[in-house]
Structure formats: structure tokens, C-alpha cells
Chemist: 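Take this structure, written in C-alpha cells, and hold onto it; I'll ask about it next.
Protein chains get the first letters and strands the later ones, always in sequence-line order, with residue 1 at the start of each.
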Amino acid sequence: MNKNDLTRIEIELLIDAIKKRYGYDFSHYAQSSFRRRVENRLNALGLNTISDLIPRLMHDELFFEDVLVGFSITVTEMFRDPKFYRDIRTIVIPKLKTYPYLKIWHAGCATGEEIYSMAILLHEEGLLEQTQIYATDFNNTALKTAERGIYPLDDMENHAKNYYEAGGAKEFSEYYRTQYKSAKLKGFLKEKITFANHNLVTDGVFGEMHMIICRNVMIYFDKNLQDRAYSLFVESLIHRGFLCLGTKDTVAFSIVSENFEILAKRNKIFRLLPNAKLRNRIGEKHA
Amino acid sequence: MHDHFECIVVGVSAGGMEALKTILPALPANFSLPIIIVQHMRADARDWYLANHFNSLLTSTVKIANDKEAIENNHIYLAPAGYHLLVEDDRTFSLSSDAKVNYARPSIDVLFESAAFVFGPALIGIILTGANSDGAKGLKAITEAGGQAVIQDPSTAEVSAMPSAARNLCKNAKITPLPEIANYLIKVTEEKGRLI
């Protein structure tokens, strides 16, 4: 048996141990990325094998919480992919303005930079007052960072550049206060955001949303889990609701592909078709 | 165990366009192995421009790799700007927006290490011209899994830092001048096919 076959077995054991001990299921994650994150963690800890990780995870909950952070945090920016936000402004916002109130779900919000970007955009379009934003992630540590809304000052230059490319017309620095080497986003941006733990792998439908944003999350899932999450989104959207994905995500090859029309091809903005019906309901396929 | 090569991965940075223009058109139409390329570029680079350019030049299909797409023969794939490109056990791609590796996303190491894991001895890895050391570790992983490492002779590279770094870490790699890499690929893939 070669080294890679051993690694495959160890990854399976690790996933099984985490699932049985803590209930988090990584078996439908894209394995190459997951393996890379595990190996990064091994190197950081100075451990030699994945098997060495398992006993500590089993017996030390704080250690597990810490490892979990490394398994899920992705790197993001405010107004990441500025053209996406430009399309939101020109294509989606005019339609959102026809509703008396809005519910927006940001699934897999990580450390929150993109939620605040959306809040800024909604504020500038006069929609923030009548909007409730739900920001969810399965990683409590990331959620806490998101809720704090404090980011390194060094990153602000890049965030500002993105903001202007995204069509922002104000002084970006009006949206935060500088504290030492940090930038704290202003409180009014946070007032309409509810932060909550939700796991796309195991948790269910989340309210009746006008718009769901889930960017650069699906690439970490295998096809089965992608289908589960997309089905969940269809069920969680109102009639003619909007689904916004990452630049490299698409509903095109999923079980819900026929339920959506494409509003922005390159920037991955989709809208539920009238009379959209789920061909495979969540319960039947993934029970 | 493996009687033939199944895949080629290529890592290239500064000066990449010219290097790829030397190698890819020199491969014959019946050279069917899939070729997966990480060309370093900025996150907002127009990656499709590079793909379209080579697609019009070659008989193989050249495209930006998509998430979950199956790797096929007679195809040349480029990693998308702003994402790491990885290979899965079922010979499909997956993408990641994890932190940059060696200041790069896409990173050559990330592609090479994942491909080495999946293809083992059936993989050829090539490091071409470039200005940093990305790819050296990945190339080493390829040889450790039994695959074949090829490095552009640094003296024939537009920027020699990357092939030099790979050579320092990967002692048993085949050092090949740029104009001879295509012929070398033809030769090793034919030889290995005849061995069994």
C-alpha cells in the first residue's frame, strides 16, 4: 500500500471521528481541498500523520474548535469581485425596490466582509432600513469576527479600491472608524444583520428570502452536497427570488438548473423562474 | 502498476506566454494527454483571453477549468484567475479560494500536489520560466509519488528564478532546454507506453 492510499484511509477515519464525536460531516466536501487544509494544520502543529490528529480531536473540544476554524475559513474581501456588486446595483436593486420589505440570507458568510459590502450597497440605495439580513456560517469563530466588524486597517486600501470599482460614489472611509491598526465598521451597518449558526451540510430551510447570497462556498462541496444546498436555496426563496453565487459557481449542472433564469452570466446572478418546481425535493434525495 | 502517463501538469509564471507558445504548438495532433496549466496571473486578469488565444492556435480544446469538470484527453486546461485549481480522485477538477500559496492564487504547488496524489506515477510535471519559487515543492511531490519531473533549463528561461528553485529542490528532474521540451514529452510518453 503506498503513502497516498494510507492518507486516503486516514482522511476517512478523521472524517468519521469528527462526525461521530461532534456531528460535523465533511464526507461530501471536495476532498483535495479538505486534505490540503488538514495537511496545513498537521504542519502547523508539527504532527507527522493525520492519525496523530484524531486522538486530540476526540478528547479536546477546544482543540477541535480551533481545528474547525482552519477547515472552513476562506479568504475574502469587501466588495470582492467588484463587477458582481455593480451588477447587483444595476440589475437586482431596481427589482428589490418593488418590495415593501426585504429578507436577505448570506449563507457561508465567513468573516463577514461581503455582508457589510451588501449592507453598504443597500444603504446607498435606500433599502437598508426595510431589510433584514441573515448572516450564517457553521463556524462560530468566523461568525464572531463577522459580528465584530473590525478588520485590519492595512486591508482597507484594497477594500476601498474594490468599493469604487463596484460603483461606490461616497467616501469609503465614511463607513468605518480607525482604531489603532484596525478599522471598525460603523454600527448602523450592523443593525439590520442577524448573525446565526447554520450548516448547509445538515441544517434545513431558512425563512422566506427575497435574495440568497452564497459565494465561493459551493466549490468546497462535492456534487451531492452542492445539490443538497441548491435545493435548500430553492426552498428558502420566495416566488421569483434571487440567488447570487461566486464567480466560479453555477446552478447550471445541478438538480435545480431548470428552476432558474440567468440574470448575469459572468457574475452568477440567478432568479427563480415563475412556477419553479423542485424536481428533486431535499427530503427524497438526501434523507 | 502504471504502463502509461495519464496527465501532464505545467507551472509557469513571468514569460509564460512565449514558453507555452514554444511547447504547445510543437506537440502533434495525436498527442492526447490532458495538459493542465497554472499560469500565474492577477485575480482580475482576463484568463479567457489566454485560453481563446491558444484555442485558436491548437487542435486540442483549450479552456479555463471549471469546478467539478471531468478531465478529458485532447484538452488543455488553464487554472482560472483568482482560484487554486485542484484534481480530485475521480479525475474531476475542484477550485478553492483559500489563501494564496507562495503569493500566488492559482498556485502551482497546489495543483501539482493534488495531481501527484491522484495520478501518482502516471503524471508528468513541468516547471517553466518564472520569477518566484512556486512549483518547486509540488514538483518534488510529483517525483516522490513516482511521476516524472521536467524543468526548463534555467539558461533558456526568460526568468530563471522559478526553474532554478525547482532544480535545487528536485535533484532527479530532467533539465531540458525550452525548444526540446515538446520532443522530450513525445519521447517519454511513447517509451513508457512500450514498456509493458
Chemist: Highest number of heavy-atom pairs under 4.5 Å with chain A: which of B:Ile64, B:Asn66, B:Val110?
Modeler: B:Val110
Chemist: Could you grab the distance from atom CG of B:Asp89 to atom CZ of A:Arg35, nearest 0.5 Å is fine?
Modeler: 6.5 Å
Chemist: Which answer fits B:Val87, side chain, backbone, both or neither, if we ask what part of it has an atom under 4.5 Å from a heavy atom of chain A?
Modeler: backbone
Chemist: Out of curiosity, A:Asp5 CG to B:Phe117 CZ, how far, rounded to the nearest 0.5 Å?
Modeler: 7.5 Å
Chemist: Going by an N to O cut-off under 4.0 Å, is there a salt bridge joining A:Asp222 and B:Lys68?
Modeler: no
Chemist: Give the minimum heavy-atom separation between A:Lys248 and B:Leu95, together with the two atoms involved.
Modeler: CB-CD1, 3.4 Å
Chemist: Is atom CD of A:Glu261 surrounded by more than 12 heavy atoms (other residues, nucleotides or ligands) closer than 6.0 Å?
Modeler: yes
Chemist: Can you list the steps and then say if A:Val75 with B:Arg105 is a side-chain contact (heavy atoms from CB on, under 4.5 Å)?
Modeler: CA-CA 11 Å; A:Val75 179; B:Arg105 188 176 56 218; 4.2 Å; yes
Chemist: Compare all side-chain heavy atoms of B:Asp44 with those of A:Lys83 and state whether any distance is below 4.5 angstrom.
Modeler: no
Chemist: May I ask you to check whether over 12 heavy atoms, not counting those of A:Phe253, lie within 6.0 Å of atom CZ?
Modeler: no
Chemist: Would you mind checking which part of A:Gln226 comes under 4.5 Å of any heavy atom in chain B, side chain (CB onward), backbone (N, CA, C, O), both or neither?
Modeler: side chain
Chemist: Which atoms of A:Phe221 are under 4.5 Å from chain B, going by heavy atoms: the side chain, the backbone, both sets, or neither?
Modeler: backbone
Chemist: Can a salt bridge be assigned to the pair A:Arg37 and B:Asp98 using a cut-off of 4.0 Å between side-chain N and carboxylate O?
Modeler: yes
Chemist: Looking at A:Ser33 and B:Glu88, what are the two nearest heavy atoms and their distance?
Modeler: N-OE2, 4.4 Å
Chemist: Check each atom of B:Ala116 against the heavy atoms of chain A and say whether the ones under 4.5 Å are side chain, backbone, both or neither.
Modeler: backbone
Chemist: Check whether B:Tyr83 gets within reach of chain A through its side chain, its backbone, both or neither, counting any heavy atom under 4.5 Å.
Modeler: side chain
Chemist: Run the numbers on A:Ile219 and B:Ser97 for side-chain contact (heavy atoms from CB on, under 4.5 Å), then give the verdict.
Modeler: CA-CA 9 Å; A:Ile219 51 177; B:Ser97 59; 4.3 Å; yes
Chemist: Less than 4.5 Å to any heavy atom of chain A: does that hold for the side chain of B:Ser94, its backbone, both, or neither?
Modeler: side chain
Chemist: Non-hydrogen atoms of chain B under 4.5 Å away: do they reach the side chain of A:Thr247, the backbone, both or neither?
Modeler: both
Chemist: Has A:Lys268 got more than 12 heavy atoms of other residues, nucleotides or ligands less than 6.0 Å from its NZ?
Modeler: yes
Chemist: I'd like to know whether A:Tyr220 forms a side-chain contact (heavy atoms from CB on, under 4.5 Å) with B:Ser96, so could you lay out the CA-CA distance, the side-chain angles of the two residues, the decisive distance to 0.1 Å, and finally the verdict.
Modeler: CA-CA 7 Å; A:Tyr220 292 98; B:Ser96 129; 3.6 Å; yes
Chemist: Could you check A:Arg266 against B:Trp48 for side-chain contact (heavy atoms from CB on, under 4.5 Å), going step by step and ending with a plain yes or no?
Modeler: CA-CA 12 Å; A:Arg266 200 173 285 278; B:Trp48 42 268; 3.3 Å; yes
Chemist: Within the structure provided, determine whether A:Arg36 and B:Val101 are in side-chain contact (heavy-atom separation under 4.5 Å).
Modeler: yes
